[in-house]
Protein chains: 2
Amino acid sequence: MGGPKLPEQERADAILAAAYRIALTEGLDAVTARRVATAAGISPGLVFFHFQSKDGLLQALLDVLLNGTLDALTHPSLSALAPWDRLERMIRVELDRLVEYHAGVELLFAFYFSRPDDLFRTRIEASFGRYLEAFLPVCQEVAGPGGVSGASTGVGGVSGDDLASTVVALIHGASIQAIRNPASVYPDALLATVLALRPRPAERP
Amino acid sequence: MGGPKLPEQERADAILAAAYRIALTEGLDAVTARRVATAAGISPGLVFFHFQSKDGLLQALLDVLLNGTLDALTHPSLSALAPWDRLERMIRVELDRLVEYHAGVELLFAFYFSRPDDLFRTRIEASFGRYLEAFLPVCQEVAGPGGVSGASTGVGGVSGDDLASTVVALIHGASIQAIRNPASVYPDALLATVLALRPRPAERP
DNA sequence: CCCTACATTGATCACCGGGTCAATAGGCCG
DNA sequence: CGGCCTATTGACCCGGTGATCAATGTAGGG
């Protein structure tokens, strides 16, 4: 019985990787200590040695999932663009990411809805909150002080806050669509609707 | 041991009601044969007598959840309105329903993400599909043959299909927002963005 | 009034999940 | 080399779950 063959702390990472693999392919419910251990080629007890409980393992897995989620939106290359172009770029980047990593997104939702308590939800909701905050500045810039008049609505129009929450709702909705059928997501269709709000770009001859 | 006290076929309904109550308050995982039986005041065996398996019970529960989901959108009172007004009304009705029944919506998502297999997904996706179909006609009417020009985008604009998928995505996104925090859903904000696409309503003095 | 059909019970089974733990194997430091 | 600390093992316990089943009670038809 037992001795360190990989004494390195990579063990935890290896376990997490195995858990991740199982969660992606067989669902969150399939992530059990025994199965993870088997997939990682170790003994079940080790799982509880490195993570104290199953919830510990799942929380660690969730952290892996959430890290790197927000990177693309704060990429410095965006700040050079004009507001509307930046917003368009951000949305497009997000939609593309959603389609590419739809399996991960699905897993994230599986985490969220797996239990009604706050164990996972607070983290995920915090992440969603940061999501909105990432979009707020651009949307406010785009809307201006009076809101987007859209050159069409009679009165005033859409404030920056409205636009931001709309954009986030749109992306979340697209997530679900991407999970159902990744191939059915057409970023151009969704973008067209948002960009229709843009005032005519000052004659570009 | 045992004899019919409620020989009526309401038994199945009573069991379903108990399961529904448990699912809403304690989550899908809490729906076990014993707990449901206890909540319904019957013996565990009865659950398997009326529904053959746990999956049978869950499928029946899902059916309960899906029925009545689409009623509001096909309400005949809508057909009298002008296209844009009808679209606005439909979206508003849906958003209100989402907020009111957010617990049910949450349960629906819990069903969807509870397992990667097709046991629940096909039904739910079919329901989503009908959802889109319910919005398609209005959106096509609103967009017209050339698409919504929005009076702002340079070229053409948004086709009816684009608009419909956008609207559905928006509503799905709002669902998630409603689950996180029902009080934070502002239908006006989301509607404002969509309605900004409407061409100026021909001077209404 | 019995007897058949059906609803109902509750005990019971096999199984699997999370979690614990004594035993042990390796590396490392003196 | 000898101890010591940590990683590791695998057997084990306990609780809960889905599912089965013989026994039993009730209703209703002849």
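So you know, we letter chains A, B, ... as the sequences are listed, proteins then strands, and number each from 1.
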Check: Side chain of B/Ala33: nearest nucleotide among D/dG18, C/dG17, D/dT8?
Finding: D/dG18
What is the distance from [atom1] of [X] to [atom2] of [N], rounded to the nearest Å?
{"X": "A/Gln52", "N": "D/dA7", "atom1": "CD", "atom2": "C1'", "answer": "15 Å"}
{"X": "A/Lys54", "N": "D/dC14", "atom1": "NZ", "atom2": "P", "answer": "22 Å"}
{"X": "A/His50", "N": "C/dG18", "atom1": "NE2", "atom2": "P", "answer": "17 Å"}
{"X": "A/Leu57", "N": "C/dG18", "atom1": "CG", "atom2": "P", "answer": "9 Å"}
{"X": "A/Phe51", "N": "C/dG19", "atom1": "CZ", "atom2": "P", "answer": "13 Å"}
{"X": "A/Glu10", "N": "D/dT8", "atom1": "CD", "atom2": "C1'", "answer": "16 Å"}
{"X": "A/Asp29", "N": "D/dG18", "atom1": "CG", "atom2": "P", "answer": "12 Å"}

Next item on the list: Enter the distance from B/Ile22:CD1 to B/Thr38:OG1 here, rounded to the nearest 0.5 Å.
Entry: 8.0 Å
Margin query: If you count heavy atoms of other groups shown closer than 6.0 angstrom to CZ of B/Arg121, is the number above 12?
Written below: yes
Notebook entry, point to check: So does B/Phe128 have more than 12 non-hydrogen atoms from other groups sitting under 6.0 Å from CZ?
Noted result: yes
Margin query: So, under a plain 3.5 Å distance rule, would you say the side chain of B/Arg34 forms a donor-acceptor pair with the base of D/dG18?
Written below: yes
Check: Who are the ring pair (Phe, Tyr, Trp, His ring centres under 6.0 Å) partners of A/Phe51, not counting sequence neighbours?
Finding: none
Margin query: With the threshold set at under 4.0 Å for non-hydrogen atoms, list the residues of residues 36-49 of chain B touching DNA chain C in residue-number order.
Written below: B/Ile42, B/Ser43, B/Gly45, B/Leu46, B/Phe49
Next item on the list: Mind listing the closest non-hydrogen atom pair of A/Ala164 and A/Cys139 along with its distance?
Entry: CA-SG, 3.5 Å
Check: Looking only at heavy atoms, what is the nearest atom pair of B/Val194 and B/Ile91, with distance?
Finding: CG1-CD1, 4.2 Å
Margin query: Can you tell whether the side chains of B/Asp85 and B/Arg92 come within less than 4.0 Å, N to carboxylate O?
Written below: no
Next item on the list: Indicate yes or no: does B/Glu94 engage B/Arg97 in a salt bridge with an N to O separation below 4.0 Å.
Entry: yes
Margin query: Expected output is a numbered-order residue list: members of residues 112-122 of chain A with a heavy atom under 4.0 Å from any atom of DNA chain D. What is it?
Written below: none
Item checked: Any A/Thr32 side-chain N or O less than 4.0 Å from OP1/OP2 of C/dG18 -> yes
Check: Should A/Arg11 be listed as having a side-chain N or O under 4.0 Å from OP1 or OP2 of D/dA7?
Finding: no
Item checked: Any donor-acceptor N/O pair, A/Gln177 side chain to B/Ala169 backbone, under 3.5 Å -> no
